[in-house]
**Student:** 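Starting off with a structure, shown below.
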Protein chains: 2
Amino acid sequence: MSYTLLIADDERDIRDMLASYFGKCGYEVLLAEGGREAVRIALRGPDLILLDVGMPDMDGLEVCRSLRDAVSCPILFLTARIEDADKVNGFAAGGDDYIVKPFSLSELAARVAAHLRREERQTAKAEVKFAGGLVINYSAAEIAYRGAPVPLTRQEYRIAELLSLHAGRVFDKEAIYEKIWGREGEGSSAVVAEHVRKLRGKLAEAGADSPIETIWGLGYKWRS
Amino acid sequence: MSYTLLIADDERDIRDMLASYFGKCGYEVLLAEGGREAVRIALRGPDLILLDVGMPDMDGLEVCRSLRDAVSCPILFLTARIEDADKVNGFAAGGDDYIVKPFSLSELAARVAAHLRREERQTAKAEVKFAGGLVINYSAAEIAYRGAPVPLTRQEYRIAELLSLHAGRVFDKEAIYEKIWGREGEGSSAVVAEHVRKLRGKLAEAGADSPIETIWGLGYKWRS
DNA sequence: GCGTTTCTTGGACGAATCTTGAAAAACGGC
DNA sequence: GCCGTTTTTCAAGATTCGTCCAAGAAACGC
């Protein structure tokens, strides 16, 4: 399961450098060249956002403020401004970390990983009950309906896991494919659709009414 | 609701200074003079832990490792060690932040607040409320009026999303078309107008008075 | 190796959605 | 109040999207 980063910086060199570095680390990378673009792309739901503070069209702080209510992922500022007051402003805008250029890539990577790990720790409960008698045991990778385990294949389970962990959030088929397969693919949407069909079939067979809803033209979501 | 911090440092001056500062900020403060004591007190479940790396009886990293599975709160390292490798070690040990001495109190306070805020955000839904009882949940791609979701099609939702994110700004029809369809088109204005009509219709049907205003000769805007 | 399970791909169908064109209404300047 | 322009409305055709099925490919356990 791969994480998606959104990197927003107006300087092409930095953007490319970060993209290639995190790409090599196994992350999916989305790029934005400016603040407005960052806001738009952020709605695709990255797992973490790296935001340059000084961008010409829309200030990073401003981007952060306008996103804060809409997306819940960690937002890390990158900046050359070193003053305390600047840092405090960054946090006040809703940022989760403030990294001063020039930064070392290893430290940046460690911080990114730490924030992602924290996100995961939040949701790392062994067992979660969902409406309708469905219970998912994430550590055992098992879904049960009224005590009886539902036999799922790997991809089916992973899709259920992804959607259920973010219950209520809409994922389009490409996003699901990228998260689970860790790469982009052309026939991705058909593959995902097929697995969702199987998954629904097995859940229905077990007697549960499927918690996976189709949002026409947008994707799937786990009923919350 | 006041948060409880655990501050672990073997130097009495620093401990007292931090305790008094965060005490004034309204936090409950627990103090530990060494690593072993920190582990013991941490089990009382503070909301956040400030951990000195260099303590005589038990290294901060060690403390962190032994706590990580037991407590899920953020752990912030305080240290004079500035090397990248040290920082990376800190994060690898399960730390959530790494703050180099001498640090400014305002920055430290901002970081503490950011980590606590993040904990809280986990439970909060990502929703934005607009005037007139309209609520948009961007991650669920859903618009609700007085709790009842308004069934929108893809393009309708996207237009609402675009306009609401930049409430108050006027978009002409070509601009909307380019943002959403990602290309230029000739009949674009008619297409957009049609979708806006449908969108208004559905919002009106749900009972909400449409937040989309027509600026004659210029385009549309979301009432702010 | 061999058989079984799981994954992936392609195509057909129906339904939901999008787009288009033309006519009616609204607006603003004069 | 009239006229050109812009917006709104309506209905029908075109397109996209999701579901389903079946068969081939790949991975897996033994």
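Because the structure is a prediction, the values reported are computed rather than measured. A note on names: the letters A, B, ... follow the listed sequences, proteins ahead of strands, and every chain is numbered from 1.
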**Student:** Applying side-chain contact (heavy atoms from CB on, under 4.5 Å) to Lys179(A) and Asp47(A), what does each step give before you reach the verdict?
**Tutor:** CA-CA 10 Å; Lys179(A) 294 270 182 198; Asp47(A) 297 297; 2.5 Å; yes
**Student:** Reading nucleotides 2-8 of chain C 5' to 3', which nucleotides get B (base under 4.0 Å from a protein heavy atom), which S (sugar-phosphate only), which -?
**Tutor:** ----SSB
**Student:** Given side chains that start at C-beta, do those of Tyr98(B) and Arg81(B) come closer than 4.5 Å, heavy atoms only?
**Tutor:** yes
**Student:** Judged by modelled atom types alone, do Ser72(A) and Arg169(A) share a side-chain donor-acceptor pair under 3.5 Å?
**Tutor:**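 No, Arg169(A) and Ser72(A) have no side-chain donor paired with an acceptor closer than 3.5 Å.
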**Student:** Could you check Glu28(A), Glu120(A), Glu119(A) and say which one makes a side-chain hydrogen bond (donor to acceptor under 3.5 Å, both in side chains) with Tyr3(A)?
**Tutor:** Glu120(A)
**Student:** Reading DNA chain D in the 5' to 3' direction, which nucleotide is the first one with an atom under 4.0 Å from a heavy atom of chain B, and which is the last?
**Tutor:**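 Range of nucleotides touched by chain B: dT5(D) to dC17(D).
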**Student:** Find the distance between CG (Asn89(B)) and CG (Asp84(B)) and round it off to the nearest 0.5 Å.
**Tutor:** 11.0 Å
**Student:** Taking the side chain as everything from C-beta on, heavy atoms only, tell me whether Ile49(A) gets closer than 4.5 Å to Cys73(A).
**Tutor:** yes
**Student:** According to the interplanar angle, ranging from 0 to 90°, do the rings of Trp181(A) and His195(A) count as parallel (below 30°), tilted (30 to 60°) or perpendicular (above 60°)?
**Tutor:** tilted
**Student:** Hydrogens and angles aside, do Asp96(A) and His115(A) bring a side-chain donor and acceptor to less than 3.5 Å of each other?
**Tutor:** no
**Student:** Tell me, which of residues 216-224 of chain A have any heavy atom that sits under 4.0 Å from an atom in DNA chain D?
**Tutor:** Trp216(A), Gly217(A), Tyr220(A)
**Student:** Return yes if some donor-acceptor pair links the side-chain N/O of Asp9(A) with the main-chain N/O of Arg15(A) below 3.5 Å, else return no.
**Tutor:** no
**Student:** Report the distance from atom CZ of Arg200(B) to atom C1' of dA26(C), rounded to the nearest whole Å.
**Tutor:** 12 Å
**Student:** Please give, in whole Å, the distance from dA25(C) C1' to Arg197(B) CZ?
**Tutor:**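 Distance check: Arg197(B) CZ to dA25(C) C1' gives 13 Å.
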**Student:** I'd like to check Leu18(A) versus Leu108(A) (side-chain heavy atoms, cut-off strictly below 4.5 Å). Are they in contact?
**Tutor:** yes
